[in-house]
Amino acid sequence: MSDLDKAAEAVLRANDRGGYTVPTAGLYPYQWNWDSAFAALGFAEFDIDRAWRELETLAEGAWPNGMWPHILFRADDPDYFPGPSVWGAGTSVGAPIASSGVSQPPVAATVARILYERDPEAGLARLRALFPKLLAWRDWFHRDRRGQSGAILVTHPWESGRDNSPDWDGAMARVPIRDLGSFQRRDTGHVDPSMRPTKDDYDRYLSLVAWGREAGWDTHRIAAEGPFAVADPTMTFILLRADRDLRVLAEALGETEAAARLGADCEAGADAAAALWSEDLGAYAARDERSGVFADGVSSAAMLAWYADLRDPVHEQRLLATLHDLLDAAPLAVPSFDPRHPKFDARRYWRGPVWAVVNWMVARGLHEAGHQSEAERLRHDTRRLIEGAGFYEYFDPCDGSGAGGPDFTWTAAIWLAWASPTKKEGWN
Ligand code: GLC
């Protein structure tokens with residue numbers, strides 16, 4: 001175990017609030033959905049029981065309709081905004097724990113498979129208990145978040161996990177700004193405002209929350225009629241991956257009906273994902289559900305196609321060429337947005353910086369598809385970034401400096417599970 005391995009473990013332990021982990025103290029004081037999935041991946045390196053526990057506490061917040069919310073407000077923290085009272089998604093919607101009203105990408109299903117396969121005997125009972133909730137969650141996505149093309153919609157930029165990406169700019173511009181009264185942002189008190197969304201973006205984020213609250217968090221109606229609906233490669237690809245992994249788990253559990261249903265949905269999902277292909281960009285891209293217009297730049301989400309095991313040979317070759325363009329344009333991969341695009345911003349949230357968790361997913365897909373040199377480039381860059389700057393929330397792809405919050409759970413987790421040189425194979 002290296003010093004950095006020990007430091008990463010210490011970050012996970014310090015952010016552990018007793019069965020669940022916060023992304024980082026201060027800036028993000030609650031349990032976040034896909035952050036917990038990555039945290040479990042990190043815990044699995046030294047405490048597999050604690051890893052399962054992280055997924056189990058996350059599942060405790062599942063709504064009666066199956067949705068796993070993106071934030072669980074387990075303990076009120078006045079230093080965070082917008083908190084539980086702004087979301088208004090508590091007992092009125094049957095939420096077992098006060099929560100946000102949107103979801104996040106279902107990485108947890110894929111991590112459940114990794115944990116199970118690490119030790120099937122020890123994991124079987126845990127998996128058996130968790131599986132119905134994972135299945136209900138993916139059923140919810142298919143029921144309440146499928147767009148016309150079959151690709152999966154996000155109804156708020158926060159649902160995608162890529163909060164401030166230029167991918168949402170077109171659709172966000174049409175979101176009417178409501179009279180929000182006076183409110184005080186807390187994020188800009190923790191980190192430099194130049195790294196965070198602008199005031200105009202924030203007003204629109206909150207206007208979407210107000211709309212959802214007034215719709216009683218009827219998640220079906222919000223996707224069908226709400227002011228923001230964008231078919232998102234992150235959600236579409238991560239769900240497709242989750243479905244593939246859940247199918248394997250269904251078979252292991254002898255759940256034959258579920259396995260057959262998941263298998264059929266994977267085939268349909270792969271066809272639907274093709275609707276996100278933009279010939280102009282030579283990549284998959286977010287597509288506004290209401291206007292049909294594609295995002296006008298390439299984001300790192302496009303590169304999750306391999307993680308979803310999409311293997312259309314024509315698109316694959318072109319996507320690989322586009323990936324190389326991004327790798328050539330940024331000294332440190334993978335930039336969250338194309339460095340050659342005018343909207344690229346090396347330090348602002350999801351408009352250019354590198355995230356270790358995205359690198360892990362993209363690289364894992366590349367590795368499985370046999371694109372080993374690209375996969376290793378991502379692993380090598382992730383290692384350099386963390387060695388150089390520490391466990392920051394994200395990194396500048398030009399100079400490698402850390403940005404956002406320090407001592408970040410998911411960056412420490414990815415170090416332990418994949419980027420550390422002591423993790424020899426690193427592909428689980
Ligand atoms: C930001 C990120 C999101 C993450 C959350 C907690 O909102 O954009 O992906 O889940 O922080 O780390």
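Values in this document were obtained by computation on a predicted structure and should not be read as measured data. Throughout, residue positions are numbered sequentially from 1 according to the sequence presented. One-based numbering, in listed order, for ligands and for the atoms of each.
Checked against salt bridge (Lys or Arg N to Asp or Glu O under 4.0 Å), Arg178 has the following partners two or more places apart in sequence or in another chain: Glu214. Scored by the salt bridge (Lys or Arg N to Asp or Glu O under 4.0 Å) test, Asp345 finds Arg348 as partners (sequence neighbours excluded).
There is a side-chain donor-acceptor pair under 3.5 Å between Ser401 and Arg347. Side-chain polar atoms of Asp192 and Ser194 form a donor-acceptor pair below 3.5 angstrom.
Taking the side chain as every heavy atom from C-beta outward, Ile386 and Phe391 approach each other to under 4.5 Å.
Counting only residues at least two apart or on different chains, no side chain to side chain donor-acceptor pair (under 3.5 Å) pair has a member in residues 83-95.
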Exercise answer, ligand 1 polar atom pairs (N/O) under 3.5 angstrom:
unit_1, atom_1, unit_2, atom_2, d
ligand 1, 7 (O), Asp163, OD2, 2.6
ligand 1, 8 (O), Gly161, O, 3.1
ligand 1, 8 (O), Asp163, OD1, 2.6
ligand 1, 8 (O), Asp163, OD2, 3.2
ligand 1, 8 (O), Trp350, NE1, 2.9
ligand 1, 9 (O), Trp34, NE1, 3.0
ligand 1, 9 (O), Gly161, O, 2.6
ligand 1, 10 (O), Trp34, NE1, 3.1
ligand 1, 10 (O), Asp35, OD1, 2.6
ligand 1, 10 (O), Gln104, NE2, 3.0
ligand 1, 11 (O), Tyr28, OH, 3.2
ligand 1, 12 (O), Asp35, OD2, 2.6

